[in-house]
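Letters A, B, ... mirror the listed sequences (proteins, then strands); counts begin at 1. These figures come from a predicted structure and were not determined experimentally.
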Number of protein chains: 2
Amino acid sequence: MTASAASTATPDLLTALANKATHLRMDSVKATTEAGSGHPSSCCSAADIVAVLFFSVMRYDPKNPKLPNSDRFVLSKGHAAPLLYAAWAEAGLFPKSELLKLRTLGSDLEGHPTPRLSFVDMATGSLGQGLPAGVGLAFNAKSIDKTDYRTYVLMGDGESVEGSVWEAAEVARHAALDNLCAIVDVNRLGQSDPTMLQHDMEAYRARWAGFGWHAIVVDGHDIGALVAAFEEAARTKGRPTVLLAKTFKGRGISFMENHPEWHGKPMKKGEETQKALDELTRQLKPGSTQAQIPMPTAVKAAAPAKGTMAPPPYKLGDSAATREAFGAALLALGEADSQVVALDADVKNSTYSDKFGKRFPDRFLENFIAEQNMLGAAAGIAACGKIPFVATFAAFFTRAYDFIRMAAISQSNIKLVGTHVGVSIGEDGPSQMGLEDLAMMSAQPGVTVLYPSDALSMYKLVEAAAAHKGMVYLRAGRPKTPVIYGLDEQFKIGGSKVVRQSAADQLTIVAAGVTLFEALKAHDQLKAAGITTRVLDLYSIVPVDRATLLDCARATGGRFLTVEDHYAHGGIGDAVLSALASEGVRVHKLAVREIPRSGRPDELVDHFGIGVRSIVEAAKEIVKTASR
Amino acid sequence: MTASAASTATPDLLTALANKATHLRMDSVKATTEAGSGHPSSCCSAADIVAVLFFSVMRYDPKNPKLPNSDRFVLSKGHAAPLLYAAWAEAGLFPKSELLKLRTLGSDLEGHPTPRLSFVDMATGSLGQGLPAGVGLAFNAKSIDKTDYRTYVLMGDGESVEGSVWEAAEVARHAALDNLCAIVDVNRLGQSDPTMLQHDMEAYRARWAGFGWHAIVVDGHDIGALVAAFEEAARTKGRPTVLLAKTFKGRGISFMENHPEWHGKPMKKGEETQKALDELTRQLKPGSTQAQIPMPTAVKAAAPAKGTMAPPPYKLGDSAATREAFGAALLALGEADSQVVALDADVKNSTYSDKFGKRFPDRFLENFIAEQNMLGAAAGIAACGKIPFVATFAAFFTRAYDFIRMAAISQSNIKLVGTHVGVSIGEDGPSQMGLEDLAMMSAQPGVTVLYPSDALSMYKLVEAAAAHKGMVYLRAGRPKTPVIYGLDEQFKIGGSKVVRQSAADQLTIVAAGVTLFEALKAHDQLKAAGITTRVLDLYSIVPVDRATLLDCARATGGRFLTVEDHYAHGGIGDAVLSALASEGVRVHKLAVREIPRSGRPDELVDHFGIGVRSIVEAAKEIVKTASR
């Protein structure tokens with residue numbers, strides 16, 4: 001349907017909003033011209049939408065973007081950042097002169113928005129990520145905090161081909177997020193071509209309505225129609241609403257409007273820019289430019305309940321998979337801390353997050369098989385001060401790596417748990433084996449990477465992960481392993497454990513997860529053969545315990561043997577090499593070096609060269625070489 | 001609409017197909033019971049669909065799955081692998097006794113299908129990847145080879161939440177792939193819960209029809225209706241067709257049918273399995289079990305045209321971005337080799353693949369902003385013997401990392417080109433900067449990773465990449481850089497170039513891309529300060545030129561300084577460390593160690609510690625330490 005109902009806006013307000021939109025266009029032009037790069041044409045298509053949202057629809061404090069219960073705005077089309085910055089400057093958060101520092105090294109007004117800015121919840125600029133984040137923000141309001149702020153997500157039209165948009169659409173509908181409103185700025189032109197659907201508004205409507213959303217087609221340059229459409233969205237219950245706004249790229253500047261060649265291009269300083277500004281100035285209507293920004297409903301924030309987590313239910317000699325210990329720890333953490341939230345993508349009975357989900361359904365978001373939305377929503381929930389745990393098979397985090405990348409840029413406080421790692425999962429075969437997770441997670445700056453070997457250390461490290469501010473990745477295995485640590489053992493981010501040592505160790509074996517148990521067996525066999533080895537449980541990969549590694553290097557002649565159920569690049573071996581890069585140590589890496597296949601876990605661990613047999617062989621060779 | 005039209009199938013054929021389906025169920029049960037793991041219930045829901053496809057609809061040679069112009073079948077719900085294997089055994093490709101080796105180390109009948117099997121084009125098992133691969137297979141028939149084989153993709157219902165499915169749906173519709181037919185096995189039950197839409201067939205219809213597909217709702221256990229629906233699909237022109245098949249998980253086995261707890265669970269050997277087999281046996285109808293499999297239309301395969309590529313249009317002292325050189329090389333390669341194909345996701349005017357697209361529109365697939373579909377389609381096209389080049393911003397390959405992972409498992413012959421790497425892109429900021437691409441690409445076994453520094457080496461390495469069998473990643477920069485190599489210089493996979501050396505070098509500086517030019521400047525400044533350095537252009541990261549690195553180690557006292565426009569983990573520095581891990585060398589890594597921000601390229605290169613200033617400082621410190 002097309003929005004046509006009259007809005008409650010007065011003629012004065014409509015004039016004021018139109019003038020606001022014109023000012024936003026002018027400021028976007030000025031900033032991008034000054035920067036010498038950027039996307040003025042993409043700002044202009046959305047200027048009316050943003051003016052209506054910021055100066056009539058959204059409830060927020062223009063001086064305090066973090067005021068509780070504020071309506072949220074996510075600029076999913078992050079390349080229109082100057083428009084967002086102009087809106088906040090126009091609202092009064094900072095002086096307009098700051099806009100002219102756009103894209104310079106000293107300014108937080110970057111090419112695409114990041115949460116370095118107080119009014120940004122989630123970095124955007126990789127398209128299709130705003131709606132998943134919006135799902136998280138809206139779920140927080142509806143299910144976790146049970147408050148009435150609304151979430152608005154502005155997307156581009158080209159962007160809506162991204163599959164993550166449809167994952168979010170499906171999850172939002174299923175979760176009945178009627179506090180979520182998406183806007184698609186259908187300006188018809190992509191970067192290199194017109195979009196697939198161009199201005200076929202009925203095709204857009206069919207897609208969104210087909211996905212169960214309330215879909216409103218609206219003229220994105222008709223202020224009154226936009227106000228009415230947002231009012232209709234607010235009245236719509238039981239499902240989310242999308243405004244499909246027909247717009248023109250470069251709107252308001254005749255030499256730019258609807259011209260494809262103006263994508264991502266600033267105007268030249270001087271005459272060209274002045275011509276645009278003159279044309280825009282002539283569009284200013286006489287009358288008010290003042291608008292009353294509505295304030296959020298006051299809410300009494302319930303103080304987060306935070307108690308002490310129950311102690312680990314494991315004792316020395318027990319047997320449990322680290323994924324089971326994660327599930328137990330998550331449940332205990334949920335009891336202790338009301339800020340803890342969990343997200344799943346239809347594997348909760350394999351990752352054991354189902355225990356948390358059953359106990360705390362309001363703090364549990366089931367994404368079904370939509371890993372990208374799961375990650376984006378987690379980042380949105382983290383932006384609300386919560387501590388979201390996201391658990392799936394480690395392999396399937398590769399599906400959401402771009403979301404992890406953007407969460408790292410956002411310095412998001414999300415906790416990821418990747419289960420079913422390595423060839424030790426066995427018969428399911430390579431598609432289900434996480435073998436590159438350490439590489440991909442360690443590559444991102446500021447991400448803590450943990451790899452506990454037994455249930456006790458997993459339990460304690462889940463607690464440490466929740467207490468740590470910043471993204472944490474926990475690697476968990478499928479098979480049961482013995483509990484080798486006692487209840488009093490302490491585990492800290494950046495630590496490690498020497499689990500076997502003697503005064504005359506010839507070599508340090510570094511392992512974690514299932515290979516630690518192979519290393520322990522190898523230690524015994526080697527000892528029987530007269531070779532003494534130190535065995536290090538490197539449960540913290542990033543940050544790594546350099547001090548202990550240095551001690552080991554000194555004690556064992558700079559000789560290391562690393563063994564991991566991970567591909568050879570970017571895992572434990574490389575972490576050791578990198579930590580000791582300047583020390584001239586010698587590291588022999590055992591890792592999975594080819595595409596694996598189905599088989600029994602023990603067969604595969606042996607076959608792919610990371611079992612006790614390979615460790616013993618390699619250790620003998622290293623010691624032999626060293627003694628020559 | 002619901003399929004109801006009568007099919008052309010005779011009663012005898014319907015009986016034969018029903019019996020085939022029953023045999024497929026029996027074989028799936030036997031194989032998973034013997035394996036002790038697997039998904040018999042997910043096989044049973046789709047058995048009728050597969051029986052109809054394999055024994056009545058699809059045109060192929062059961063003894064030669066690679067026969068040209070065969071209809072293609074992609075089992076996107078890869079966990080139903082036993083059903084696929086049973087179908088090929090039933091068709092006669094291999095003895096049924098092989099089925100009992102399912103999931104064992106010696107057998108290619110793995111837990112999920114891989115192209116180790118002659119009848120598999122693309123590894124599946126990570127859900128949502130079959131349809132993108134199917135888009136590639138169908139595009140190859142329609143646009144590249146212009147032949148009449150059809151492509152069938154069988155998906156699960158839970159799977160259809162994956163965004164990649166909708167990317168593929170959008171691209172397939174836009175490319176009018178009426179030779180593509182998807183089937184969704186709507187069995188209502190996911191792994192951990194019922195699916196979102198359960199058996200709401202109208203909701204499924206609305207989604208697919210909304211995306212412009214011809215959508216047919218069908219009873220997935222009604223053989224006649226299935227035959228009629230596939231006939232309707234084959235008659236439908238101008239758009240792809242989807243069969244939305246209402247089914248029941250575990251169909252045919254009363255204790256399993258429609259019971260959620262049977263997901264991914266084999267039956268117990270003995271009584272339980274026998275009970276199921278007895279029940280299935282009773283379903284066998286008297287009469288024929290023979291079906292005539294139609295053969296493909298014979299096609300005269302045009303011999304691929306392969307000539308010599310034009311020489312690089314660059315000479316010493318020119319200035320060009322490596323991404324420009326990629327565009328020029330791709331165009332020349334397209335002229336020389338009719339098997340070369342290119343794929344884009346709406347950045348072709350930034351990656352310069354637009355030149356190829358304009359010249360060879362039939363060999364160019366525009367995916368708009370759908371990176372996952374782009375990668376999946378490329379793997380599908382590669383499975384047809386083509387050489388697809390996929391180019392986008394390096395950062396956006398993170399969006400499709402799961403597809404890259406599965407392509408690696410498939411040992412797919414795709415070539416990826418990631419442009420706009422590192423902080424040297426400047427003002428656009430971190431969301432657009434590829435800083436983890438070397439880590440993520442190098443982690444996958446069998447992937448070649450190249451990082452040319454100048455236009456000439458890029459041009460020659462594009463040619464080398466096309467000639468190499470296997471996945472190749474080429475890293476390309478945004479800024480223009482000087483051409484430093486002459487026309488006669490040779491570049492090979494696994495090579496490197498010593499670009500500065502003397503008899504008394506104190507240190508080797510290893511660089512590639514923009515940092516090579518920083519290293520060259522540093523070399524000169526250091527020389528002026530009395531420090532002689534060797535400079536190595538490490539244009540091949542995987543495989544790495546270990547021999548030359550060893551030479552450098554010997555010549556410069558085992559001292560290395562690596563410098564890269566990449567995060568510190570998993571890039572050039574770690575490649576050097578890993579190659580020389582056993583040698584006891586000392587490596588000092590310069591890399592980007594925090595989340596970057598917007599700014600001028602030169603400012604950022606300096607600010608984030610990878611510019612000439614940092615290199616000179618670090619080199620001086622290393623040499624000072626070494627001389628102590």
Inset, instruction - Heavy atoms only, distances under 4.5 angstrom: which of P445(B), G212(B), P596(B), G599(B) has the most pairs with chain A? Name it, please. - result: P445(B)
Legend entry - Which portion of V347(A) sits near chain B, non-hydrogen atoms under 4.5 angstrom: both
Inset, instruction - Classify the ring geometry between W166(B) and F211(A) as parallel (under 30°), tilted (30 to 60°) or perpendicular (over 60°). - result: perpendicular
Legend entry - Most chain A-contacting option - heavy-atom pairs closer than 4.5 Å, from A408(B), A395(B), A123(B): A395(B)
Inset, instruction - Give, as side chain, backbone, both or neither, the part of T195(A) having an atom under 4.5 angstrom from any heavy atom of chain B. - result: backbone
Inset, instruction - Pick one of side chain, backbone, both or neither for V592(A), based on which atoms fall under 4.5 Å of a heavy atom in chain B. - result: neither
Legend entry - Pair T104(A)-R600(B), side-chain hydrogen bond (donor to acceptor under 3.5 Å, both in side chains): steps then yes or no: CA-CA 7 Å; T104(A) 60; R600(B) 289 202 323 270; over 6 Å; no
Inset, instruction - Sort P194(A) into side chain, backbone, both or neither according to what part of it lies under 4.5 angstrom from a heavy atom of chain B. - result: backbone
Inset, instruction - Select one option (side chain, backbone, both, neither) describing which atoms of E202(B) are under 4.5 Å from chain A's heavy atoms. - result: neither
Inset, instruction - For side-chain hydrogen bond (donor to acceptor under 3.5 Å, both in side chains), just list the numbers for S192(B) and D346(A), CA-CA rounded to whole Å, side-chain angles, deciding distance to a tenth of an Å, and then say yes or no. - result: CA-CA 5 Å; S192(B) 70; D346(A) 196 22; 2.6 Å; yes
Legend entry - Side chain / backbone / both / neither for H607(B) at chain A, heavy atoms under 4.5 Å: side chain
Inset, instruction - Under the side-chain hydrogen bond (donor to acceptor under 3.5 Å, both in side chains) rule, collect the residues that match up with E436(B), sequence neighbours excluded. - result: Q444(A)
Inset, instruction - Check D428(B) against H112(A) and note the closest heavy-atom contact, atom names and distance. - result: O-ND1, 2.8 Å
Inset, instruction - Please look at D344(A) and chain B and tell me whether the side chain, the backbone, both or neither of the residue comes under 4.5 angstrom of a heavy atom of that chain. - result: side chain
Inset, instruction - Mark yes or no for whether E167(A), through its side chain, and G163(B), through its backbone, hold a donor-acceptor pair below 3.5 Å. - result: yes
Legend entry - N/O donor-acceptor pair under 3.5 Å between H588(B) side chain and S582(A) backbone: no
Legend entry - Top of H79(B), Q129(B), Q411(B) for chain A proximity - count of heavy-atom pairs under 4.5 angstrom: Q129(B)
Inset, instruction - Check each atom of Q191(A) against the heavy atoms of chain B and say whether the ones under 4.5 Å are side chain, backbone, both or neither. - result: both
Inset, instruction - Below 4.5 Å from any heavy atom of chain A, which atoms of A370(B) appear? Answer side chain, backbone, both or neither. - result: both
Legend entry - Toward chain B, the part of F403(A) with a non-hydrogen atom under 4.5 Å: side chain
Inset, instruction - Measure distances from L197(A) to the heavy atoms of chain B and classify the residue's part below 4.5 Å as side chain, backbone, both or neither. - result: side chain
Legend entry - chain B contact via S350(A) - which portion, at a heavy-atom distance below 4.5 Å: both
Legend entry - Parallel, tilted or perpendicular: ring planes of Y401(A) versus Y401(B), cut at 30 and 60 degrees: tilted
Inset, instruction - Using atom types as modelled and distance alone, determine if a side-chain donor or acceptor of R399(A) lies under 3.5 Å from a backbone N or O of L127(B). - result: yes
Inset, instruction - Could you tell me which portion of M441(B) (side chain, backbone, both or neither) has an atom closer than 4.5 angstrom to a non-hydrogen atom of chain A? - result: neither
Legend entry - chain B contact via L604(A) - side chain, backbone, both or neither, heavy atoms under 4.5 Å: side chain
Legend entry - Exam field: side chain E110(B) to backbone S598(A), donor-acceptor pair closer than 3.5 Å: yes
Legend entry - Side chain / backbone / both / neither for M406(A) at chain B, heavy atoms under 4.5 Å: side chain
Legend entry - Closest-packed option against chain B by number of heavy-atom pairs under 4.5 Å, given L109(A), L102(A), D108(A): D108(A)
Legend entry - Check: G125(B) main-chain N/O paired with Q432(A) side-chain donor or acceptor under 3.5 Å: yes
Legend entry - Partner set under side-chain hydrogen bond (donor to acceptor under 3.5 Å, both in side chains) for S410(B), not counting sequence neighbours: none
Legend entry - Main-chain N/O of S431(B) paired to R405(A) side chain as donor or acceptor, under 3.5 Å: yes
Inset, instruction - Examine whether an atom of R559(A) lies under 4.5 Å from a heavy atom of chain B, and if so say whether it belongs to the side chain, the backbone or both; otherwise answer neither. - result: neither
Inset, instruction - Please state whether the side chain, the backbone, both or neither of A169(A) comes within less than 4.5 Å of a heavy atom of chain B. - result: neither
Inset, instruction - Against chain B, label E159(A) side chain, backbone, both or neither, depending on which of its atoms sit under 4.5 Å from a heavy atom there. - result: backbone
